[in-house]
Protein chains: 2
Amino acid sequence: MATLKDVALLAGVSVKTVSNVVNGYSFVKPENERRVREALAATGYQPNLGARNLRRGRTGFIALMVPELSIPYFGELAGGVITAAHEHDWSVLIEQTQGQRDPERTTLASLGPHMVDGAIISPEALEKDDFTRHAPGIPLVMLGEHALDVPIDHVGIDNVLAARTAVRHLIETGRRRIAVIGQNPTRGTATQRMAGYREALAEAGLPQSPELIAPANRYHHKDGAEAMAQLLTQGHVPDAVFCFNDMLAHGAVRAAAEHGYVVPRDIAIVGFDNTEHSAYSLPSLTTIAPDKTALAQTAVDLIRDRANGGAGEPKDIQIPFTLKIRESTVGAR
Amino acid sequence: MATLKDVALLAGVSVKTVSNVVNGYSFVKPENERRVREALAATGYQPNLGARNLRRGRTGFIALMVPELSIPYFGELAGGVITAAHEHDWSVLIEQTQGQRDPERTTLASLGPHMVDGAIISPEALEKDDFTRHAPGIPLVMLGEHALDVPIDHVGIDNVLAARTAVRHLIETGRRRIAVIGQNPTRGTATQRMAGYREALAEAGLPQSPELIAPANRYHHKDGAEAMAQLLTQGHVPDAVFCFNDMLAHGAVRAAAEHGYVVPRDIAIVGFDNTEHSAYSLPSLTTIAPDKTALAQTAVDLIRDRANGGAGEPKDIQIPFTLKIRESTVGAR
DNA sequence: TTGAAAGCGCTAACAG
DNA sequence: CTGTTAGCGCTTTCAA
């Protein structure tokens with residue numbers, strides 16, 4: 001691999017001059033520039049980013065920490081982050097945590113200022129303590145939850161309100177026995193969505209029935225299907241279910257069908273995330289749709305601001321969401 | 001940020017000794033080790049990976065280039081690659097190309113030996129020429145397609161055989177007018193799957209009807225739904241459809257339903273990729289299931305072998321696949 | 001305008 | 001066992 005020095009030698013000039021040409025700095029004597037360019041081409045010189053960054057004190061990378069890329073929501077989000085990051089000449093490093101505290105903490109701690117220029121983290125189980133202890137010394141932005149009282153930039157949607165909106169919709173369409181799937185005290189997301197669920201019930205004067213609250217460890221189809229099956233076989237048949245993400249919801253729809261219930265006639269189901277599939281499933285899924293593009297953009301912008309030395313209070317930015325009303329609650333088909 | 005030197009100063013030893021302790025090298029006098037460890041703790045020392053890698057001539061990163069992370073198949077695959085890479089102390093950098101030649105080429109060219117130690121690429125539209133011109137000088141492994149005759153390690157499934165298997169299954173279950181959705185001459189994947197489709201038809205002595213071949217530019221639900229709608233409204237009603245990925249298939253199922261056709265009674269549908277959703281949709285989707293974990297593992301292993309200096313002929317590794325027979329072709333429910 | 005030289009933080013010879 | 005020292009490839013004063 002050709003280095004600056006090689007090029008300089010070949011062109012018969014100093015490293016500085018070559019560096020100047022490469023970086024388009026101050027005026028270089030045309031004659032020299034020509035020779036440098038020739039040497040550059042002849043050697044096929046490619047700058048060593050590692051060395052350059054060492055010198056400049058930046059890395060050219062930002063990290064993105066998500067539970068699992070195999071969850072379509074995070075796949076979609078990650079895609080958006082990569083796109084947004086490219087606009088600031090950043091490449092994106094992705095780490096997975098399974099939404100568990102230990103991997104989240106370890107990953108956080110491993111994020112040195114020498115690896116990445118900043119990190120976007122989507123923590124589920126992290127505690128305040130983990131932050132204070134393992135602050136990686138780089139700009140950080142939290143994506144999604146904000147149950148933690150830590151002085152870090154945050155971007156997300158109003159989870160409590162979103163959950164309340166979803167449940168309210170079920171109530172407005174006449175449902176009364178509304179179950180929830182996804183309860184999980186170790187997940188920040190779950191806690192907030194539970195709160196919204198309870199608020200909506202309270203608001204409508206409906207009873208809170210513990211037997212209609214189904215926990216879920218992971219948030220895959222399987223978990224939704226199992227939770228739904230359990231509700232149905234234990235005789236706690238709801239007339240609607242609010243699921244904490246779309247995968248749980250699709251699993252629940254399937255389980256309901258397998259048990260002979262028709263969605264939405266017998267049971268209405270609403271999800272959360274509006275992943276691409278939900279507009280095409282049978283029935284299509286009513287769900288909360290966060291503006292994922294804005295989420296990704298904003299997160300990257302926040303990192304950029306801090307990386308450029310932006311100081312001041314941590315920001316907390318709310319991104320809009322909408323409720324997509326589809327067949328799983330109003331049964332158009 | 002504390003450096004080795006700071007630690008050495010504080011511990012009253014040389015940098016070398018600190019480096020030895022940090023890297024667990026040769027025996028260090030216990031007394032010194034203790035002092036070093038104290039200093040390490042006191043300063044909260046974190047090695048500067050950039051500098052270390054500069055010295056070692058490695059970067060600690062591998063790149064993964066995929067069309068879109070928002071396609072669940074690639075999300076699942078990327079998750080597997082990240083997991084496998086971690087076992088070799090690599091972090092994974094993800095780049096998206098939209099399956100288009102230009103971004104693929106640009107990304108390939110930008111992959112210097114100083115950015116990453118290797119790259120796993122899942123090219124769709126790249127041509128041989130692009131490789132010879134923009135070879136990044138790092139270990140490369142192609143994931144998925146292998147239409148190109150370039151001397152690069154490759155891991156994938158036998159696409160032609162897989163496609164043939166899928167179509168054969170349709171024929172065996174009595175289908176005769178078998179359409180295909182996803183044809184696209186610029187995509188390597190599509191070309192191979194078309195070949196398998198044709199082989200299966202020929203094998204069974206079925207006619208090849210051009211009007212049953214529906215192209216698709218992108219491979220999302222939308223594209224599948226549109227292609228299906230077009231087939232149906234133009235009067236080319238098939239009794240089965242082979243879709244080049246699961247998203248197209250789900251879109252097609254939905255469009256069929258919207259036009260009043262029942263899957264699989266009127267039209268059987270088979271997909272490709274076996275993304276998580278396909279086991280839970282209504283109807284669940286018959287699809288080709290590549291062993292994604294093996295795919296990811298093997299790709300990383302190939303990079304590792306080359307990065308460790310492994311020479312020799314480019315390898316071409318075939319990963320097994322199975323045909324998951326589900327409701328969309330045999331209608332259990 | 002260009003060259004020489006220092007140094008980013010680290011590792012690896014090479015002495016001691 | 002440990003210290004000294006020379007770079008890895010690059011950018012950046014500082015002089016010339």
Inset, instruction - Take B:Y219 and B:Y73, measure what ring-ring contact (aromatic ring centres under 6.0 Å, His included) needs, and give me the verdict at the end. - result: CA-CA 11 Å; B:Y219 277 18; B:Y73 174 70; over 10 Å; no
To the nearest Å, give me how far apart [atom1] ([X]) and [atom2] ([N]) are.
X     : N      : atom1 : atom2 : result
A:L9  : D:dC10 : CG    : C1'   : 16 Å
B:L54 : D:dC10 : CG    : C1'   : 9 Å
B:R56 : D:dC8  : CZ    : P     : 17 Å
B:K29 : D:dT2  : NZ    : P     : 6 Å
A:K5  : C:dA5  : NZ    : C1'   : 13 Å
A:R35 : C:dT1  : CZ    : C1'   : 15 Å
A:K16 : C:dT1  : NZ    : C1'   : 9 Å
A:L4  : D:dC8  : CG    : P     : 13 Å

Legend entry - A:N308 (side chain) donor-acceptor with A:G310 (main chain) under 3.5 angstrom: no
Inset, instruction - Could you tell me whether A:E31 and A:R34 have a side-chain N and a carboxylate O separated by less than 4.0 Å? - result: yes
Legend entry - For A:R105 against A:D102, the heavy-atom pair lying closest together: NH2-OD1, 2.9 Å
Whether [X] contacts [N] is assessed here as follows: a side-chain N or O lying under 4.0 Å from the phosphate OP1 or OP2. Is that the case?
X     : N      : result
A:N48 : D:dC8  : no
B:N32 : D:dC1  : no
B:R52 : C:dG9  : no
A:T3  : D:dG9  : no
B:S19 : C:dA12 : no
A:T17 : C:dT1  : no

Inset, instruction - Let me know, please, whether B:R55 or B:E33 comes out on the 5' side of the other along DNA chain D by nearest nucleotide. - result: B:E33
Inset, instruction - Would you mind classifying the nucleic acid contact of A:N53 as base, sugar-phosphate or nothing, using non-hydrogen atoms under 4.0 angstrom? - result: nothing
Legend entry - Side chain of A:S14 - closest among D:dG9, C:dT2, C:dT11: C:dT2
